[in-house]
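Proteins come first, then strands; the chains are lettered A, B, ... in the order of their sequence lines, and each starts at number 1. All of these numbers come straight from a predicted model, not from anything done at the bench.
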Amino acid sequence: MPINLNVTSAGTRENRLGSITGYAGDLHDLVNQSRCGTLKERERCFSQSSSCDAGCALSQLAYIRDVAIINHAPSGCTAMASATIVAHTQLAAKRGLAYDTIFLGTDMDENDTIFGATIGLREIILETYNRYKPNAIFVGTSCVSGIIGEDVDSVINELASEIPIPLAAVHCEGFKSRVWASGFDAADHAVLTSLVKPPQRKTNLINFKNFNESARAEITELFANFGVEPFFLYSNSTVEELSHIAEALATVSICGTLGTYLGNALEEKYGVPYIKTINPLGIAGFEIWLREIGRVIHQETEVEAYIEGERAKYLPKIEEIKKELKGLRAVLGMGASYAFQVSRVLQELGIEVVWVASWHYDTKYDNNEIPPHVEYLEKESPYNFKVSVSDQQNFEILNILNTYQPDIYLARHPGTTVWAIKQGIAAFFLADEYKTFGYRGTLDFAQTILDTIRNRSFEKNLAARITLPYTDWWYQQNHAAFLKEDSK
Amino acid sequence: MPKILDQPRYKCALGAMQTVHSITKALPILHSGPGCADKLSGSQGGSGHFAPRIFPCTNLNEKDVIFGGEEGLRDVIANALKIVNADLYVVLSGCSSEIVGDDMQEVVRSFKNAEKPVVFASTAGFKGNNFLGHEWVIQAIIEQYLKPTDKKTKGLVNIWASVPQHDPFWYGNLFELENLITQLGLTPNTIFGYDRGIKNINRIPEAEFNLLVSPWVGLSNVKLLEEKFQTPYLHLPTLPIGAFETSKFLRQVGDFAGIDKEKVEDIITENEKK
């Protein structure tokens, strides 16, 4: 299904990209089934609390620093407001910027579920504009607003003539998608349809889609070698800046899951090239990615010279540390892009990838191609490995860890590594999306793995004193025992 | 004035999952959307024997919203009983399951002969905030789990105070209330916090009286306990903070428990000297 910017909703990844959250098999089977179109969702008859697309969509938009987000939902859905605002205020403070975004809710109650709440919503949008004068207002939908059939689009349309700033509905009803990454697309869709203007000129900026821009200085320096500048989004961006992203030279993303919608939409609609290679994690990822950027901005020679210089500087050090990592075995639990990309980096470091748990899996991306990182692994991985798709189902992860007893468990989401450690397995929470970025990141990552596994007394001591949340019975079952055989 | 929720200080009723979480080895089972626990846990303690990422949840999707999620809930409860090592299972509803009209009471009732107790509290987010949700969870435990008893333990006092975890000082407050009660020669019984759990819940009906230290949260619960077990209650709306309030607290509790006035005054004098 192609991207359609003439409607108000991005649709779900299940519908657009054939995405799934339940699967058990291996890498080769996954790629084959993706090609044949036979990959099917396997539902669970036991599951643990996951995340929803609304949380993803609204926290993405809250990265912008001069907007208002109105969550048309009961109070619990807006419980995320304080943590979101605090985190983003700190990101802005790191760069000495003002963060003026506000995160509000409509506090839907029982009355609203019976009589509807669009009149109240209209008043809240007007009051928000008058009270805070944001530069754009995004109205998020929720399970409740979706089920009772609130016509948020009409409210937005009617107010467009009364409020002189961009207004957009963000369609992210939590029940609509099991894939929380659908929320990334909902946020992108709102930005594309309400903020982005047709290009007037070309800038020398490259749109850089990421989360927390922790490598801003490093990437600015890197891009300066080629006469271009990165524009990081959405962290610390403004409405005015975002209105110009169609004027950029190209779009890149640190994560395939995060970038597919915005990158492909900007390419389809405005001809801004989207760099669709594997992402710049590890050595191969970085080189393939940078060469493609070089090709697009016509800086091939400069890129080759840069790569040569960096290789000379870092590869000997990486080769040295690889000796100490040899023989280690790892299990990963990460989002659909990072899970496979970090597996590739681990293989580059000579660590055996025993199991990859992907929080969801996209059968294809918005350009209709199979995600490049799984195709790369299918060709380059020296061995096939086990893969499961599981929306952060800890019971499956802990079962797998118990069966395979790896040296390290790596995860990119909070709330999962702690349980591996309680089970006695060294674990690392890869919170920084640039942890494995380029040569510097690869070396740094290798060192972190060594630091994590060298002294395992904490894990041993803790595990000896903990009663685990799962029964012994569960540890004797197969990890996929609760995946239903045939679904849909 | 528009009903605008700006800088929220409360969450929805499903926020009561933190009340269940604060009872050692009690497990919330959520019949809700996939993101509810994630969003509600942003500002609460995330670990212990369980954590929000361990809570079983039906993660309702579009299909469940259209066709109903009762069978999914039945599966999740039945399997939670096998997989998760808990003493008490508390099924909580979210907005979606309530609006589409799933009969959760009936599903939960079908587990009345299960090896471990399973109770149900209706905590749809649109029905109220987490203060009410807290009361509804305690009410569910009283109504569906506690059994009447003839046994009364002299001096046993159930202590109820603020909403666990939502009040960042809840644990310290409970410790100090227990300490003061113990000084009066009474035996405190609280259900929240480390190593209290089901064994303390089981003692609730034996208590001589219930002590509620809270402006209003929990009042309906102690009234229900009085109705069900004829246990009287003492409601003190303010926490004993500072010497004046603490002395007043000791006198009020001492008076209610029929403790010798001289003994209470001795305790107060001794504490004030310290």
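The shortest distance between side-chain heavy atoms of Thr416(A) and Arg53(B) does not fall below 4.5 Å. Contact annotation: the side chain of Val84(B) never approaches that of Phe395(A) to less than 4.5 Å [non-hydrogen atoms, C-beta and beyond]. Between Gln48(A) and Phe55(B), the closest side-chain pair of non-hydrogen atoms is not below 4.5 Å. A heavy-atom distance below 4.5 Å is not found between the side chains of Asp38(B) and Cys52(A). Using a 4.5 Å heavy-atom threshold, the side chains of Asp391(A) and Asn59(B) count as touching. In this structure the side chain of Asp6(B) reaches within 4.5 angstrom of the side chain of Tyr132(A), judged on heavy atoms. Within the 4.5 Å cutoff, no side-chain heavy atoms of Ile148(A) are placed close to those of Phe126(B). Side-chain contact between Phe175(A) and Asp64(B): absent, with no pair of heavy atoms (C-beta onward) separated by less than 4.5 Å.
Using a 4.5 Å cut-off between heavy atoms, Val76(B) touches chain A through backbone and side chain atoms alike. Only the side chain of Pro8(B) comes within less than 4.5 Å of a heavy atom in chain A; its backbone stays farther off. Residue Thr113(A) touches chain B through its side chain alone, counting heavy-atom pairs closer than 4.5 Å. Only the backbone of Thr58(B) comes within less than 4.5 Å of a heavy atom of chain A; no side-chain atom from C-beta onward does. For Pro469(A), the parts sitting under 4.5 Å from any heavy atom of chain B are the backbone and the side chain alike. Contacts between Tyr475(A) and chain B at a heavy-atom distance below 4.5 Å are absent for every atom of the residue. Residue Asp112(A) touches chain B through its side chain alone, counting heavy-atom pairs closer than 4.5 Å.
Under 4.0 Å is where a charged nitrogen must lie from a carboxylate oxygen, and between Lys3(B) and Glu123(A) no such pair does. A salt bridge does not link Asp109(A) to Lys127(B): none of the charged side-chain nitrogens sits closer than 4.0 Å to a carboxylate oxygen. A salt bridge does not link Arg44(A) to Asp75(B): none of the charged nitrogens lies less than 4.0 Å from a carboxylate oxygen.
How far OG of Ser82(A) is from NZ of Lys11(B): 8.5 Å, rounded to the nearest 0.5 Å. Between the OG1 atom in Thr78(A) and the CD atom in Gln7(B) there is a gap of 13.0 Å [rounded to 0.5 Å].
The two residues Ser49(A) and Pro52(B) make their nearest non-hydrogen contact at OG-O, 2.9 Å. Residue His49(B) comes nearest to Thr467(A) through the heavy atom pair ND1-O, 3.2 Å, listed as atom of the first residue, atom of the second, then distance. Contact detail for Lys422(A) and Gly48(B): the closest heavy-atom pair is NZ-O, 2.9 Å. Here the shortest heavy-atom pairing between Pro2(B) and Ile124(A) reads CB-CG1, 3.7 Å.
By the neighbour-count criterion of 12 heavy atoms within 6.0 Å, atom CD1 of Ile119(A) is sparsely surrounded, having that number or fewer from other residues, nucleotides or ligands. The number of heavy atoms from other shown groups lying within 6.0 Å of NZ (Lys199(B)) is above 12.
Taking chain A as the reference chain and counting heavy-atom pairs below 4.5 Å, the highest number among Leu27(B), Ile54(B), Ile29(B) is found for Ile54(B). Between chain A and the options Ile83(B), Asn129(B), Leu14(B), the largest number of non-hydrogen pairs under 4.5 Å is found for Ile83(B). Counting heavy-atom pairs closer than 4.5 Å to chain B, the top residue among Gln477(A), Arg131(A), Gln393(A) is Arg131(A). Between chain A and the options Ser96(B), Gly125(B), Gly72(B), heavy-atom pairs under 4.5 Å are most frequent for Ser96(B). Between chain B and the options Met80(A), Arg178(A), Glu173(A), Lys176(A), heavy-atom pairs under 4.5 Å are most frequent for Arg178(A).
A donor-acceptor contact shorter than 3.5 Å is absent between the side chain of Ser50(A) and the backbone of Pro34(B). A distance-only check finds a donor-acceptor pair linking the side chain of Ser75(A) to the backbone of Cys12(B) [under 3.5 Å]. Side-chain atoms of Asp107(A) never come within 3.5 Å of backbone atoms of Ile4(B) as a donor-acceptor pair (strictly under, hydrogens ignored). Between the side chain of Thr471(A) and the main chain of Asn85(B), no donor-acceptor pair closer than 3.5 Å is present.
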- Query: Can Glu62(B) and Glu14(A) be said to form a side-chain contact (heavy atoms from CB on, under 4.5 Å), step by step?
  - Reply: CA-CA 11 Å; Glu62(B) 201 152 20; Glu14(A) 286 93 329; over 6 Å; no
- Evaluate the criterion side-chain contact (heavy atoms from CB on, under 4.5 Å) for residue pair Lys82(B) and Trp473(A); output intermediate values, then yes/no. CA-CA 7 Å; Lys82(B) 288 193 235 165; Trp473(A) 176 85; 3.8 Å; yes
- Query: side-chain contact (heavy atoms from CB on, under 4.5 Å) between Val65(B) and Ile147(A): does it pass, once the steps are laid out?
  - Reply: CA-CA 8 Å; Val65(B) 166; Ile147(A) 299 175; 3.9 Å; yes
